[in-house]
Amino acid sequence: MSNVTQLRCINCSRTYQPRPGFYTCPVCGSTDGILDVEYDYDYINKYISKESLAGNREPSMWRYRPFLPVAQEGPLPPLRVGWSPLYRADRLGAELGLKELYIKDDGINPTASLKDRPSAVAVARAMAEGAGVVACSSTGNAASSLAGAAASVGLKAVIFVPGRAPQGKVAQLLIFGATVISVQGSYEDAFRLSAAAIEEHGWYNRNAAINPYLVEGKKTACLEVAEQLHWEVPDWVVLSVGDGCTMAGAWKAWVDLKKAGWIEKLPRMLGVQAEGCCPITRAFREGTRVRPMEENTLADSIAVGVPRNPEKALRAVRDSRGTMINVSDEEILAAMRVLGRTSGVFGEPAGVAGTAGLIKAVREGIIKPEERVVVLVTGNGLKDVANAIKAAGEPIRVAPSLEALHKALGDLKLPNYGWGYVPEPRLAERR
Ligand SMILES: *Cc1c(COP(=O)(O)O)cnc(C)c1O
Ligand SMILES: [Zn+2]
């Protein structure tokens, strides 16, 4: 890792050299002493440039390997993670009154969420460190992505999920052959139990806030956005916030690109939480430290009552001159419908919470019509079909006869398109 210079504690600024099994600042402890990975940008610029990327056909996050805290040579997990599409969402933009809106659909990843990015880094590092078992606690997606990446290289995965994790995600874990511990309690309970078990057994720790390398994997989503927008920085990047690692990672991408001299300006970050579980928004508004909250939302992936990386997330939002906003479960379900109907993108509740926040932020005048906005969809809707049905309702049930169909369709007024019908373009993919 000649590209990494050191790890710096975000609390006391002490610096450390990376070494196996070392994740948090020993002086500040594992809650406050979150570390940040620092790079040698001259080194990075020797190995990668806008021009080299333009000719690089690697369709995954590893196209940014010099920006990542992994060995610069040697094996990587084989699943194709990242390089997800950035869609220009003109129909949704028009509904919201936005001139230039883009959707980054990270639901297309191998296990269908953005978490595949940090998990790929975790498994690459676990392989390099010779670990035999990787472990994490997760609201679901970190778990399924870790289990998938581990399976792809023959590593054993031990996963702790809260009892409420949706079936789709649990099914993924079991299919990938992970050892799944369903903790009958909250995410916080699952996190604590996993931390104790990891300590006891010496497994490779994939808990995102504790392990400073994982945020770096998350940043590839926004490295991609920058490249997909031809290095024209958006005014706003909007995403949902649970533990806060995705926000921290997304912001780190822009900071790294600026420090490396690739971009001039920085976007503003809009973080979105669920009303029923919003400890980070509350801390942001009150200017206080994060205090625990109930986990009371159907957006399970961001139902994090005791966030593990609030400081990095809060700094990201503040440093970017951005803000935090809350959305209700009803607004999340409505956003699922609007996003699906206008763009053909199907997100899970936490995956579209960003879109719900965007809708609200435009309505409240936080985001202006002429501003250029990117919203991340962080997880696929098929992971949580029960809530999708709650959002979308039931199909039209008919007996198998034309008569019954005519009757049922009677007042629906569907257009009678023939063969010559050319649908209007819904989404123009930027590249
Ligand atoms: C994990 C997750 C988030 C939030 O990321 P944090 O790092 O916990 O803030 C958002 N959406 C989905 C789908 C997720 O799985
Ligand atoms: Zn410290």
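- Across every non-hydrogen atom of Arg80 and Gly82, the tightest pair is NH1-O, 2.7 Å.
- Here the side chain of Ser52 pairs no donor or acceptor atom with the backbone of Ile48 at under 3.5 angstrom.
- For the pair Thr355 and Val345, the minimum side-chain heavy-atom distance is 4.5 Å or more.
- The backbone N or O of Tyr204 lies less than 3.5 Å from no partner atom in the side chain of Arg125, so there is not a single donor-acceptor pair.
- The side-chain heavy atoms of Ile367 and Val373, taken from C-beta on, include a pair separated by under 4.5 Å.
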What verdict does the side chain to side chain contact (heavy atoms under 4.5 Å, CB included) test give for Glu100 and Arg88, after you've listed the backbone C-alpha separation in whole Å, the side-chain angles of each residue and the deciding distance to 0.1 Å? CA-CA 7 Å; Glu100 201 178 344; Arg88 179 149 180 164; 3.7 Å; yes
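- Within the 4.5 Å cutoff, the side chain of Thr24 has heavy atoms near those of the Ile210 side chain.
- Heavy-atom neighbours of Gln167 CD from other residues, nucleotides or ligands within 6.0 Å: at or below the threshold of 12.
- Enclosure of atom CG in Leu174 by more than 12 non-hydrogen atoms of other residues, nucleotides or ligands within 6.0 angstrom is indicated.
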Test Leu68 against Met61 for side chain to side chain contact (heavy atoms under 4.5 Å, CB included), laying out the working first. CA-CA 10 Å; Leu68 291 170; Met61 62 184 265; 4.2 Å; yes
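- Side chains of Asp300 and Tyr187: no donor on one and acceptor on the other come within 3.5 Å.
- In this structure, Asn309 and Met247 have side chains that are not in contact, with every pair of non-hydrogen atoms separated by 4.5 Å or more.
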Step-by-step salt bridge (Lys or Arg N to Asp or Glu O under 4.0 Å) determination, Lys383 to Glu348: CA-CA 7 Å; Lys383 281 178 173 272; Glu348 67 168 290; 5.4 Å; no
Run the side chain to side chain contact (heavy atoms under 4.5 Å, CB included) test on Leu146 and Val123 for me, step by step, so that the C-alpha distance in whole Å, both residues' side-chain angles and the decisive distance to 0.1 Å come before the verdict. CA-CA 8 Å; Leu146 181 67; Val123 165; 4.0 Å; yes
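- Taking 4.5 Å as the limit, every side-chain heavy atom of Glu224 sits out of range of all side-chain heavy atoms of Leu86.
- A donor-acceptor contact closer than 3.5 angstrom links the side chains of Thr297 and Asp329.
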Any chance you could lay out the salt bridge (Lys or Arg N to Asp or Glu O under 4.0 Å) test for Arg372 and Glu232, step after step, and finish with the verdict? CA-CA 10 Å; Arg372 148 196 261 243; Glu232 289 167 27; 3.0 Å; yes
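- Separating the CE atom in Met324 from the CZ atom in Arg318 is a distance of 10.5 Å, to the nearest 0.5 Å.
- Taken to the nearest 0.5 Å, the CZ atom of Arg308 stands 8.0 Å off from the OG atom of Ser137.
- Side-chain N or O atoms of Ser84 include none that pairs as donor or acceptor with a backbone N or O of Ile108 at under 3.5 Å.
- Put simply, the side chain of Tyr87 does not reach to within 4.5 Å of the side chain of Ser343, judged on heavy atoms.
- The backbone N or O of Asp36 sits nowhere less than 3.5 Å from a side-chain atom of Lys252 that would complete a donor-acceptor pair.
- The structure places CG of Asp90 at 10.5 Å from CG of Leu98, a figure rounded to the nearest 0.5 Å.
- Side-chain contact check for Gln228 and Tyr102: no donor-acceptor pair (N or O, by modelled atom type) lies under 3.5 Å.
- Atom CZ of Arg164 sits in a crowded spot, with more than 12 heavy atoms from other residues, nucleotides or ligands closer than 6.0 Å.
- For Asn205 against Asn207, the heavy-atom pair with the smallest separation is OD1-N, 2.8 Å.
- For the residue pair Met127 and Pro75, the shortest heavy atom distance occurs at CE-CB, 4.0 Å.
- Put simply, the side chain of Val375 does not reach to within 4.5 Å of the side chain of Leu92, judged on heavy atoms.
- Ring planes of Trp203 and His201: parallel class, angle under 30° (limits at 30 and 60°).
- Within the structure, every pair that satisfies the ring pair (Phe, Tyr, Trp, His ring centres under 6.0 Å) test and touches residues 248-276, not counting sequence neighbours, is listed here: Phe67-Trp262, Trp231-Trp262.
- No more than 12 heavy-atom neighbours from other residues, nucleotides or ligands sit within 6.0 angstrom of OH on Tyr47.
- One finds the CE atom of Met293 at 15.0 Å from the CD atom of Glu188 (value rounded to the nearest 0.5 Å).
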Please lay out, stage by stage, how Glu95 and Arg91 fare under the test salt bridge (Lys or Arg N to Asp or Glu O under 4.0 Å). CA-CA 6 Å; Glu95 285 205 15; Arg91 285 160 57 87; over 6 Å; no
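- With values rounded to the nearest 0.5 angstrom, Leu257 atom CG is found 9.5 Å from Cys222 atom SG.
- A salt bridge (Lys or Arg N to Asp or Glu O under 4.0 Å) with Asp235 is found for exactly one of Arg321, Lys368, Arg268, Lys265, namely Lys265.
- The shortest heavy-atom contact between Ala143 and Cys136 is CA-SG, 4.0 Å.
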When you look at Thr111 and Asp116, which way does the side-chain hydrogen bond (donor to acceptor under 3.5 Å, both in side chains) test go after all the steps? CA-CA 7 Å; Thr111 77; Asp116 281 328; 2.7 Å; yes
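- No option in Asn56, Thr220, Val70 other than Val70 meets the side chain to side chain contact (heavy atoms under 4.5 Å, CB included) test with Trp62.
- Between the side chain of Asp189 and the backbone N or O of Ser186, at least one donor-acceptor pair lies under 3.5 Å.
- A donor-acceptor contact under 3.5 angstrom links the side chains of Ser301 and Lys169, judged on distance only.
- With Asn109 contributing its side chain and Val81 its backbone, the two residues share no donor-acceptor pair below 3.5 Å.
- In this structure, Asn141 contributes its side chain and Leu114 its backbone to no donor-acceptor pair below 3.5 Å.
- Residues Tyr39 and Glu216 have side chains that bring a donor and an acceptor to within less than 3.5 angstrom of each other.
- Taking both residues in full, the closest heavy atoms of Val374 and Lys104 are given as CG1-CB, 4.5 Å, listed atom of the first, atom of the second, then distance.
- Of all heavy-atom pairs spanning Pro279 and Gly305, the tightest one is CG-O, 3.8 Å.
- Atom CD of Gln72 has more than 12 neighbouring heavy atoms from other residues, nucleotides or ligands inside a 6.0 Å radius.
- At least one side-chain heavy atom of Ser145 sits under 4.5 Å from a side-chain heavy atom of Arg206.
- Considering SG of Cys277 and CG of Asn326, their distance stands at 10.0 Å, rounded to 0.5 Å.
- The environment of CD in Glu73 is sparse: at most 12 heavy-atom neighbours from other residues, nucleotides or ligands sit within 6.0 Å.
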Could you walk me through whether Glu331 and Ile359 pass the side chain to side chain contact (heavy atoms under 4.5 Å, CB included) test, one step at a time? CA-CA 9 Å; Glu331 287 168 321; Ile359 294 170; over 6 Å; no
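- Checked by atom type and distance alone, the side chain of Gln184 pairs as donor or acceptor with a backbone atom of Ser182 at under 3.5 Å.
- Under the 3.5 Å distance criterion, the side-chain polar atoms of Lys312 are left unmatched by any main-chain donor or acceptor of Gly244.
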